[in-house]
Amino acid sequence: EVRDSGRGSEPGLYVCVAPSGLRSFVFRFRHEGKSKKLTIGPVSLAEARRAAREARNLRDNARRVIAGLQASYAELTGIKALKIKHNNVLGYYIEVPPKQAERMGEPFIHRQTIASGVRYTTVELGDLEDRIRSAADKALAQAKQAEAEIAKGQVRGPMHGVPYAA
């Protein structure tokens, strides 16, 4: 691994060259106290730097982005008690008091009703959650798919098999 140290460099961005000569970029960072790694490729150094900046920005500002989305949904519905919450089962969801549920129309999708509230989601919230949680998961899935294709003899070129962030 070689650290990105040129003009416009991104802290935590490295270039990895495999024994086969394939090149990829790795962005190492910490999120919620855990070490994370995002593999980016096949892309240019400029594109890798942009992807690393985007991942860092989302990591650093996820709470602010969620709070901004909560404020816009509260304004849209007129429900001051509207909250965006997270749990390990539903992921991110919007919760409103049961008496306010009738005010939730488009674009809100009903997820769950419990005694203390009614839970919804939106396509926008789902997309945001995907970007927050799954950049590394997508890269791993792409690498596994490429590995299976290579095993079947379906080689697309010298960079085939290098995971990239979508």
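Treat the numbers as computed from the prediction; the structure is a model and nothing was measured.
- Summarising the geometry of N87 relative to V89, their closest heavy-atom pair is OD1-N, 2.9 Å, with the distance given to 0.1 Å.
- The side-chain contact (heavy atoms from CB on, under 4.5 Å) test applied to A67 returns no partner, not counting sequence neighbours.
- Applying the salt bridge (Lys or Arg N to Asp or Glu O under 4.0 Å) test to every pair with at least one member in residues 64-79, sequence neighbours left out, gives no pairs at all.
- Residue L69 comes nearest to S72 through the heavy atom pair O-OG, 2.9 Å, listed as atom of the first residue, atom of the second, then distance.
- Closest non-hydrogen pair, V118 versus A101, comes out as CG2-CB, 3.7 Å.
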Pairs under 3.5 angstrom only: tabulate donor-acceptor contacts from the side chains of residues 108-116 to other protein residues two or more places apart or in another chain.
unit_1: H110; atom_1: NE2; unit_2: T113; atom_2: OG1; d: 2.7
unit_1: Q112; atom_1: OE1; unit_2: R119; atom_2: NH1; d: 3.0

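- For the side-chain contact (heavy atoms from CB on, under 4.5 Å) with I94, the lone residue among T121, T122, I79 that qualifies is T122.
- With contacts defined as side-chain heavy-atom distances shorter than 4.5 Å, the pair I66/L125 qualifies.
- The salt bridge (Lys or Arg N to Asp or Glu O under 4.0 Å) pairs that include a residue from residues 99-110 number zero, where partners must be two or more places apart or lie in different chains.
- A search for salt bridge (charged side-chain N to carboxylate O under 4.0 Å, His left out) contacts involving K85 returns E95, not counting sequence neighbours.
- Applying the side-chain contact (heavy atoms from CB on, under 4.5 Å) rule to Q70 yields the partners L82, K83, I84; only residues at least two apart in sequence or on another chain are considered.
- Heavy-atom minimum distance, Y120 versus V96: CE1-CG2, 3.8 Å.
- Heavy-atom minimum distance, P107 versus L76: CD-CD2, 4.0 Å.
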